[in-house]
Amino acid sequence: MAVIVKTNALVLSTSKWRESSKIVHMYSADYGYLKTVAKGAYRPKSPFRGVLESMNYIEAVVNYKENRGLQNLNSATLLDAFQTIREDLPKTAIALSILEVIQKLLAVHEPLPEFFNYTSRLMRALNDADVPEPRIFLAHFLIRISQELGFAWSVAFCNDCQAPGQQFPVRLQVQHGALRCRSCPYGASDQALILNQQELDELQRLLVVDPASLQSIQLNFQESLTTLLLKRLAHHTETILELKSLKWYV
Ligand SMILES: [Zn+2]
């Protein structure tokens with residue numbers, strides 16, 4: 001039986017369907033990932049116009065039926081268009097990369113409502129941040145979603161001898177999602193980032209910081225960190241995570 005439900009949601013992506021309708025992929029607070037159809041959304045006088053764009057934060061009213069692949073979107077109200085993100089190319093690339101990861105991973109994994117709240121706060125913080133290098137927001141997101149899906153990163157102790165990372169440099173390994181200190185064995189084929197003490201301290205802060213304080217973190221290895229985080233996620237979820245939005249990042 002179908003029921004009418006109201007939920008907040010982030011629009012992940014859209015595509016045209018038939019004459020004038022729109023398929024809208026969204027990540028919702030109460031139902032997780034939803035694929036919906038907005039009938040007549042491309043008609044000139046449709047109330048959906050301007051509301052169903054990628055990245056918009058909306059309130060959606062959905063005719064919801066469990067186990068139905070395509071839900072009917074009855075109406076939608078725009079709550080936040082994240083205008084400051086849209087006016088900034090690096091921020092846009094990061095925000096769309098986050099949405100791409102959600103679409104690729106949460107479509108098949110059961111999302112939790114707290115994670116929706118976290119993602120909304122992260123988008124708001126990205127919108128409000130005054131940073132030239134917003135890639136740190138993507139790194140934070142990749143660490144959190146990894147944790148959410150059951151393969152958290154562990155950066156307090158060496159994965160082999162269990163000693164706190166004291167002998168530097170340490171290696172941050174993709175394979176175990178953990179640290180390996182300088183004196184412990186290390187396979188030549190393992191992919192890793194080599195970190196000095198200051199870099200490890202920054203990474204440890206990144207793992208616990210709230211999105212609103214993210215811009216206070218200075219990481220000088222953001223690009224290689226993002227690549228490493230994506231590799232581990234791709235490996236564990238068996239998903240190809242080559243983000244097309246990230247290619248716009250300049
Ligand atoms: Zn060790």
Side-chain angles (χ1 to χ4, degrees), residues 1-111 113 115-128 137-138 141 239-249:
M1 197 184 76
V3 285
I4 306 289
V5 299
K6 192 187 269 189
T7 181
N8 287 355
L10 279 166
V11 178
L12 302 174
S13 67
T14 65
S15 55
K16 196 169 180 184
W17 192 59
R18 296 190 179 159
E19 271 300 277
S20 60
S21 298
K22 200 172 199 177
I23 300 283
V24 185
H25 299 261
M26 58 177 82
Y27 176 39
S28 76
D30 304 305
Y31 300 87
Y33 176 86
L34 287 176
K35 186 177 172 185
T36 66
V37 57
K39 290 186 179 144
Y42 282 100
R43 290 194 189 115
K45 287 183 179 167
S46 167
F48 286 125
R49 286 187 78 94
V51 179
L52 304 177
E53 308 303 328
S54 300
M55 211 199 299
N56 278 356
Y57 186 70
I58 62 170
E59 182 187 77
V61 177
V62 179
N63 191 320
Y64 182 79
K65 195 173 179 180
E66 214 174 333
N67 301 325
R68 181 161 64 184
L70 189 60
Q71 308 287 351
N72 270 320
L73 184 60
N74 287 8
S75 66
T77 311
L78 180 61
L79 301 179
D80 196 338
F82 299 114
Q83 202 54 44
T84 311
I85 296 179
R86 289 175 196 280
E87 289 162 5
D88 182 302
L89 184 58
K91 281 187 178 183
T92 300
I94 292 304
L96 293 178
S97 297
I98 289 171
L99 300 182
E100 260 189 74
V101 174
I102 292 175
Q103 182 152 348
K104 282 175 195 277
L105 297 185
L106 295 190
V108 286
H109 293 85
E110 190 67 30
F115 193 73
F116 177 85
N117 290 335
Y118 158 72
T119 308
S120 309
R121 285 192 296 118
L122 184 71
M123 293 287 284
R124 170 48 55 198
L126 174 61
N127 187 76
D128 296 347
F137 286 80
L138 178 60
F141 177 78
T239 309
I240 295 169
L241 285 177
E242 283 170 13
L243 306 179
K244 55 179 193 289
S245 315
L246 201 54
K247 295 191 178 116
W248 306 346
Y249 192 91

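With a 6.0 Å cutoff to the six-membered ring centre and a 45° limit on the axis angle, Lys22 does not count as a cation-pi contact of Phe48.
Scanning all heavy atoms of the two residues, the minimum distance from Met55 to Arg86 falls at CB-NH2, 3.5 Å. Of all non-hydrogen atoms in Ala2 and Asn63, the two that sit nearest each other are CB-OD1, 3.0 Å. Heavy atoms only, all atoms of each residue included: Ser46 and Ala41 are closest at OG-CA, 3.6 Å. In this structure, Gly50 and Asn56 approach most closely via the heavy-atom pair O-ND2, 3.3 Å. The two residues Leu10 and Thr119 have their closest heavy-atom pair at CD1-CG2, 3.8 Å. Contact record, Val51 with Pro47: CG2-O, 3.8 Å, taken as the closest heavy-atom pair.
Contact check for Thr84 versus Asp128: no side-chain heavy atoms found under the 4.5 Å cut-off. Contact check for Lys35 versus Ile23: side-chain heavy atoms found under the 4.5 Å cut-off. The side-chain heavy atoms of Phe141 and Ile94, taken from C-beta on, include no pair separated by under 4.5 Å. No side-chain heavy atom of Leu79 sits under 4.5 Å from any side-chain heavy atom of Ile58. Between Met123 and Phe137 the shortest side-chain heavy-atom distance does not fall below 4.5 Å. Using a 4.5 Å cut-off on side-chain heavy atoms (C-beta onward), Ile98 and Leu138 make contact. In this structure, the side chains of Leu126 and Phe82 stay at 4.5 Å or more apart for every pair of heavy atoms.
Atoms CG and CZ, on Leu78 and Arg49 in that order, are 14.5 Å from each other to the nearest 0.5 Å. Interatomic distance, CG of Asn74 versus NZ of Lys39, reported as 9.0 Å (0.5 Å rounding). Atom CG of Leu122 and atom CG of Asn117 lie 12.5 Å apart (nearest 0.5 Å). A distance of 12.5 Å separates CG in Leu99 from NZ in Lys104, rounded to the nearest 0.5 Å. Distance check: His25 NE2 to Leu52 CG gives 12.5 Å after rounding to the nearest 0.5 Å. Atom OH of Tyr64 is separated from atom CE of Met1 by 13.0 Å, given to the nearest 0.5 angstrom.
More than 12 heavy atoms of other residues, nucleotides or ligands lie within 6.0 Å of CZ in Arg121, so this atom counts as buried by the packing criterion. Around NZ of Lys247, the count of heavy atoms belonging to other residues, nucleotides or ligands within 6.0 Å exceeds 12. Residue-environment remark: CZ (Arg68) exceeds the threshold of 12 foreign heavy atoms within 6.0 Å.
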Exercise for review: Given side chain to side chain contact (heavy atoms under 4.5 Å, CB included), test Val5 with Asp30 step by step and report yes or no.
Suggested key: CA-CA 9 Å; Val5 299; Asp30 304 305; over 6 Å; no

Practice item. Evaluate the criterion side chain to side chain contact (heavy atoms under 4.5 Å, CB included) for residue pair Val62 and Tyr31; output intermediate values, then yes/no. Key: CA-CA 10 Å; Val62 179; Tyr31 300 87; over 6 Å; no

Review point. Yes or no on side chain to side chain contact (heavy atoms under 4.5 Å, CB included) for Asn72 and Val37, after CA distance, side-chain angles and deciding distance?
Key: CA-CA 5 Å; Asn72 270 320; Val37 57; 3.3 Å; yes

Exercise for review: Starting from the C-alpha separation in whole Å, work towards a yes-or-no answer on side chain to side chain contact (heavy atoms under 4.5 Å, CB included) for Phe115 and Leu106.
Suggested key: CA-CA 11 Å; Phe115 193 73; Leu106 295 190; 4.2 Å; yes

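Ring-plane geometry between Phe116 and Tyr57 is classed as parallel, the angle between the planes falling under 30 degrees on a 0 to 90 degree scale with a further cut at 60.
Of the possible donor and acceptor atoms, one in the side chain of Ser21 sits under 3.5 Å from a partner among the backbone N and O of Gly40. Within the 3.5 Å criterion, the main-chain N or O of Ser20 finds no donor-acceptor partner in the side chain of Arg43. When atom types are taken as modelled, the side chain of Glu100 and the backbone of Ser245 share a donor-acceptor pair closer than 3.5 angstrom. Side chain of Thr92 to backbone of Ile85: a donor-acceptor contact under 3.5 angstrom is found. At distances below 3.5 Å, not a single donor-acceptor pair connects side-chain atoms of Lys6 with backbone N or O atoms of Glu59.
Partner Met26 forms a side chain to side chain contact (heavy atoms under 4.5 Å, CB included) with one of Thr36, Asn8, Thr7 and no other, that one being Thr36.
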